[in-house]
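Let me begin by presenting the structure, written as structure tokens, before commenting on it.
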There are 2 protein chains.
Amino acid sequence: MHEATLTIGQLADRSGVAPSALRYYERLGLIRAERTGGNQRRYARTELRRVAFIRISQQVGVSLEEIREALASLPSGRTPTPDDWAALSRAWRNRLDEKIRLLGKLRDDLDGCIGCGCLSLQRCTLYNPGDALAAEGSGARLMLPRPGPDAA
Amino acid sequence: MHEATLTIGQLADRSGVAPSALRYYERLGLIRAERTGGNQRRYARTELRRVAFIRISQQVGVSLEEIREALASLPSGRTPTPDDWAALSRAWRNRLDEKIRLLGKLRDDLDGCIGCGCLSLQRCTLYNPGDALAAEGSGARLMLPRPGPDAA
DNA sequence: CCTTGAGTTGAAGTGCGCTTCAACTCCGAG
DNA sequence: CTCGGAGTTGAAGCGCACTTCAACTCAAGG
């Protein structure tokens with residue numbers, strides 16, 4: 001009881017993430033696991049934190065690849081300290097702030113567009129997400145929606 | 001010569017949405033087009049507004065299916081008036097407000113968690129998927145509680 | 001030892017939001 | 001009338017984030 005490591009089922013239960021997803025994360029290099037003699041995964045408890053970070057980041061709209069890159073900034077040799085995590089979280093916080101700001105702008109623009117009836121026009125600030133984001137965000141690439149790269 | 005209707009290429013140029021996407025939207029019932037004798041699509045200019053609404057909504061993280069439902073609330077008989085659009089936009093505005101609120105909460109929680117080191121714990125408000133901050137990105141995924149016979 | 005439930009793998013499937021392709025038609029300028 | 005770019009279709013493919021499946025092994029209780 002309360003052992004040093006977790007089975008995949010235990011990690012799944014505690015994190016709320018399906019085992020299949022955890023295996024998938026591992027394949028992508030987002031989390032790690034040791035193996036028992038019988039080849040079963042055993043997770044260090046710190047992996048719980050990584051999984052939490054992954055899910056939280058996803059809620060902010062970050063892709064797994066980007067999350068992988070972020071996690072790669074954690075020290076590989078030692079167990080990450082609270083400071084290590086704080087550094088990551090700060091970066092995400094900026095992302096959140098920027099995202100909140102953009103949504104606020106979108107909302108205000110939407111209000112404006114209700115009044116002016118310009119909803120269909122490109123010149124409307126609502127309708128040029130790329131420019132609007134690039135023009136103002138020092139935080140760089142934010143919430144470009146899914147549409148393909150050459151939707152031009 | 002500023003004609004009454006637009007070809008798919010014209011609509012694509014003016015809306016910034018690829019023709020293939022426009023056909024896809026039509027298949028899903030998000031936009032409509034008349035046909036020429038030769039079976040080519042001709043779009044009423046009001047479709048521009050629908051397309052704009054679609055793209056804006058996607059930025060807020062709404063799925064095409066939900067957008068379809070929203071658009072279905074527009075009057076089918078007549079051309080939607082500014083008031084019709086305003087009603088839709090108001091609903092979206094609420095959505096934006098809610099989303100902004102959730103992101104703010106996420107940010108504050110993240111701050112709190114940096115301090116308390118609870119990033120890995122379920123009791124952390126960050127980690128409660130119930131809020132379904134659906135994020136944008138590839139298809140709004142709900143963080144479904146794991147399917148399966150947990151209860152069984 | 002036997003059984004049972006949890007875990008293992010690679011491969012294939014799913015859903016969304018499209019894009020690409022092949023094969024064909026339309027339409028307007030010359 | 002010819003030509004070529006724009007348009008048409010259904011079917012297939014893609015990228016992401018997973019899930020499901022089949023076939024198998026492991027681990028622990030009786």
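Values below: all heavy atoms of this structure, side chains included; hydrogens, waters and symmetry mates excluded. Letters A, B, ... are given to chains in the order of the sequence lines, protein chains preceding strands, and every chain is numbered from 1.
Across the interface with DNA chain C, nearest-nucleotide mapping of Thr36(B) and Leu64(B) shows Leu64(B) to be the residue nearer the 5′ end.
Remark: P of dT14(C) and OH of Tyr24(A) are 17 Å apart, rounded to the nearest angstrom. Leu22(B) has its CG atom 12 Å from the C1' atom of dC18(C), to the nearest Å. Straight-line distance from the CG atom of Asp13(B) to the C1' atom of dG7(D): 14 Å, rounded to whole Å. Residue Ile31(B) contributes atom CD1, which lies 13 Å from atom C1' of dC18(C) at whole-angstrom precision. The separation between Glu26(A) atom CD and dA17(D) atom P is 17 Å, rounded to whole Å. Computed from coordinates, the Leu6(B) CG to dA6(D) P distance equals 16 Å when rounded to whole Å.
Note that CD1 of Ile54(A) is 8.5 Å distant from CD of Glu47(A), once rounded to the nearest 0.5 Å. In this structure, CG in Leu88(A) is found 6.5 Å from CG in Leu71(A), a value given to the nearest 0.5 Å. The distance from atom CD1 of Ile67(B) to atom CD1 of Ile56(B), rounded to the nearest 0.5 Å, is 10.5 Å.
Checked for salt-bridge contact, Arg107(A) and Glu98(B) miss the test: no charged N lies under 4.0 Å from a carboxylate O. The residues Glu26(A) and Arg68(A) are annotated as not salt-bridged, no charged nitrogen and carboxylate oxygen being separated by less than 4.0 angstrom. Salt bridge Asp97(B)/Arg93(B): present, at least one basic N to carboxylate O contact under 4.0 Å.
Between its opening and closing five pairs, the helix from dC1(C)-dG30(D) to dG30(C)-dC1(D) changes axis direction by 10°, a value rounded to 10 degrees.
Side-chain N/O atoms of Tyr25(B) include one lying less than 4.0 angstrom from OP1 or OP2 on dC18(C).
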* Heavy-atom protein contacts under 4.0 Å, nucleotides 5-13 of chain C, coded B base, S sugar-phosphate only, - none -> --SBB----

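Of the possible donor and acceptor atoms, one in the side chain of Arg50(B) sits under 3.5 Å from a partner among the backbone N and O of Leu30(B).
Counting only heavy atoms from C-beta outward, the side chains of Gln58(B) and Leu64(B) approach each other to under 4.5 Å. Considering only heavy atoms from C-beta on, Arg45(B) comes within 4.5 Å of Leu6(B) through its side chain.
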